[in-house]
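Here's the structure we're looking at; comments come further down.
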There are 2 protein chains.
Amino acid sequence: MLYAGFMSAALPPFPKPQETAGPPELLQVGTGTEEEPCLRADAARNRARLLEAAARLVAEHGAAGVTMEAVAAAASVGKGTVFRRFGDRTGLLMALLDHSEKKFQAALLGGPPPLGPGAPPVERLRAFGCAMLRRSIDEMDLQLAAEPSAERRYTSAPRRFLRGHVALLLRQAVPDGDSELLSHTLLAYLDAALVHHLTEQCGVPPARLQAGWLDLVARVTRTEHPA
Amino acid sequence: MLYAGFMSAALPPFPKPQETAGPPELLQVGTGTEEEPCLRADAARNRARLLEAAARLVAEHGAAGVTMEAVAAAASVGKGTVFRRFGDRTGLLMALLDHSEKKFQAALLGGPPPLGPGAPPVERLRAFGCAMLRRSIDEMDLQLAAEPSAERRYTSAPRRFLRGHVALLLRQAVPDGDSELLSHTLLAYLDAALVHHLTEQCGVPPARLQAGWLDLVARVTRTEHPA
DNA sequence: AAATTAAACGGACCTCGGTCCGGATCCTTT
DNA sequence: AAAGGATCCGGACCGAGGTCCGTTTAATTT
């Protein structure tokens, strides 16, 4: 069931939808946060409305134009409802990325190689990076806008999943070595903000970024470059 | 003259102190933004007051307690003055780190080896990372609070300086290889937010972080581990 | 079908970062 | 020393994120 929507639990009075804990140091894939735990009818309807409205606003005015009040108004819903459902602005933006996220996770877990299982780990790492780069470039504005504050940046469910995946591959490809730490390093190269900076502000062409990834993987795994 | 205060120019009506451009792709060290261009007497006095007040607030309530209004009040100064001088909250916080920053830069440029010049590049890289880790751990709250928004994260003068330094060492240590991109990767490992996450939220001991750095440098430069 | 209760709703309200501009203040010029 | 002009000051103002709580509504029980 993949990881299934990273924040959507319905909690007592108002407290923001927290992370449903999960195992403290999960190395498994599927970060287990359960799907919407049976939203009430009206709640589900409003949630859908809000997502639709938010998506429309993004399409029209870019991610920067997605104001919590604007979304609420566009969905004919109270402001409080938006926060109740998504916790905060970041949560709403992440929910917008959820679909793409789930598809990507599915490809990693069960898709065809080399992205999915079946190929040797180093090859899967290469493919992973290239796919991530594409994704980052495509959904740039949203990815940037959805970035959590510094304290939570590394604890979001999608991030944890990706890191777990990379760490898994690294454990196979680099048995000697701190896969946990190395996985952070590799993921950092694919960070949306960095990719944005390099491509938009420094004019680095995507091909160079991709070559850089292949080179980085080769160095970290101490392998040779692919042909 | 190092890089000398990353933002402090006095500009016409109000526009925020911008980056004074600088060469588009400077690979030199000393990122040239000139010192306070002769602040008016009252302006200089207020600037000092503000920094002092801000430092006191940090000491008392942590970086989170540094509110622009609070700083203004504590310095007996108008709110607008704070913004005029420092541009925005990030600018104020960065100014607080400026002293430590300059000292660090001096150590890199002219201090004793292996941090300063005189040691082989790989050794300097190792020392650089260890020093950065210490710094990150010491000034954690401030570093986190001073982090710019995603769009500007990679364009701040201190960041550019550090990246230039690492890229310089990498060009010597790894002539074959995209030093620009690799320098981003190495710096990412030392990112304050990541260090915070690992040490505070994951309980990773600093020694492991340091070992991870040495290992990373070894892999990236394709050298052996030090004894 | 009425009563009950847990959950959801909505919008007033608060805080804080950031902007504006009329007026005060400091340097220069003569 | 007086005037003139550039710079700076201050605090009212605005927008947006986030919270609170009295009210409404959907599920459940009897």
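Letters A, B, ... are given to chains in the order of the sequence lines, protein chains preceding strands, and every chain is numbered from 1. Because only heavy atoms are used, hydrogens play no part in the values below, and waters and symmetry mates are left out as well, while side chains stay in.
Between the P atom of C:dG18 and the CG atom of B:Leu93 lies a distance of 11 Å, rounded to the nearest Å. Put simply, CZ on A:Phe83 is 16 Å from P on C:dT15, counting in whole angstrom units. Distance, A:Asp88 CG to C:dC16 P: 18 Å, rounded to whole Å. Protein atom CG of A:Leu92 is 11 Å distant from nucleotide atom P of D:dG18, rounded to whole Å. As a whole-Å value, the separation of B:Phe86 CZ from C:dT19 C1' is 18 Å. Rounded to an integer number of Å, the gap from CZ of B:Arg47 to P of D:dG10 is 16 Å. Taking atom CG of residue B:Leu50 and atom P of nucleotide C:dG17, one finds them 14 Å apart after rounding to whole Å. Here D:dT19 presents its P atom at 15 Å from CZ of A:Arg85, a figure rounded to the nearest Å.
Both B:Arg89 and A:Val77 sit near DNA chain C, but only A:Val77 has its closest nucleotide nearer the 5' end. Two residues, A:Asn46 and B:Glu69, neighbour DNA chain C, and the one matched to the more 5' nucleotide by heavy-atom proximity is A:Asn46.
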Step by step, would you call A:Arg135 with A:Glu101 a salt bridge (charged side-chain N to carboxylate O under 4.0 Å, His left out)?
-> CA-CA 10 Å; A:Arg135 231 165 67 92; A:Glu101 185 72 30; 3.1 Å; yes
Start with the C-alpha distance between B:Thr155 and A:Gln201, add both sets of side-chain angles, then the distance that settles side chain to side chain donor-acceptor pair (under 3.5 Å), and finish with yes or no.
-> CA-CA 9 Å; B:Thr155 56; A:Gln201 298 173 351; 5.1 Å; no
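Between B:Thr81 and the phosphate of D:dC8, there is no side-chain N or O to OP1/OP2 separation shorter than 4.0 Å.
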For nucleotides 24-30 of chain D, read 5' to 3', which letter fits each nucleotide if B means a protein heavy atom sits under 4.0 Å from the base, S means only the sugar-phosphate is that close, and - means neither?
-> -BSS---
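For the side chain to side chain contact (heavy atoms under 4.5 Å, CB included) test with A:His196, the passing option among A:Ile137, A:Asp141, A:Leu144 is A:Leu144; the others fail.
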Watson-Crick and G-U pairing of DNA chain C, under 3.5 Å, as dot-bracket with | and [ ] = ||||||||||||||||||||||||||||||
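To the nearest 0.5 Å, atoms CE (B:Met94) and CD (B:Glu147) are separated by 10.5 Å. Interatomic distance, B:Leu186 CG to B:Arg163 CZ, rounded to the nearest 0.5 Å: 11.0 Å. The structure places CG of B:Leu194 at 7.5 Å from CG of B:Leu209, a figure rounded to the nearest 0.5 Å.
Judged as a salt bridge (charged side-chain N to carboxylate O under 4.0 Å, His left out), the pairs with a partner in residues 62-77 of chain A (not counting sequence neighbours) are, in order, A:Glu69-A:Lys79.
Listed candidates were D:dC9, D:dG17, C:dG18. Nearest to the side chain of A:Lys79 is D:dG17. For A:Arg84, taking side-chain heavy atoms from C-beta onward, the closest of the listed nucleotides C:dG17, D:dC9, C:dA8 is C:dA8.
For B:Glu52, the CD atom is loosely surrounded, since the number of other residues' heavy atoms within 6.0 Å does not exceed 12.
Between A:Tyr154 and B:His197, the ring planes are parallel. Angles under 30° get that label, and only those over 60° would be called perpendicular.
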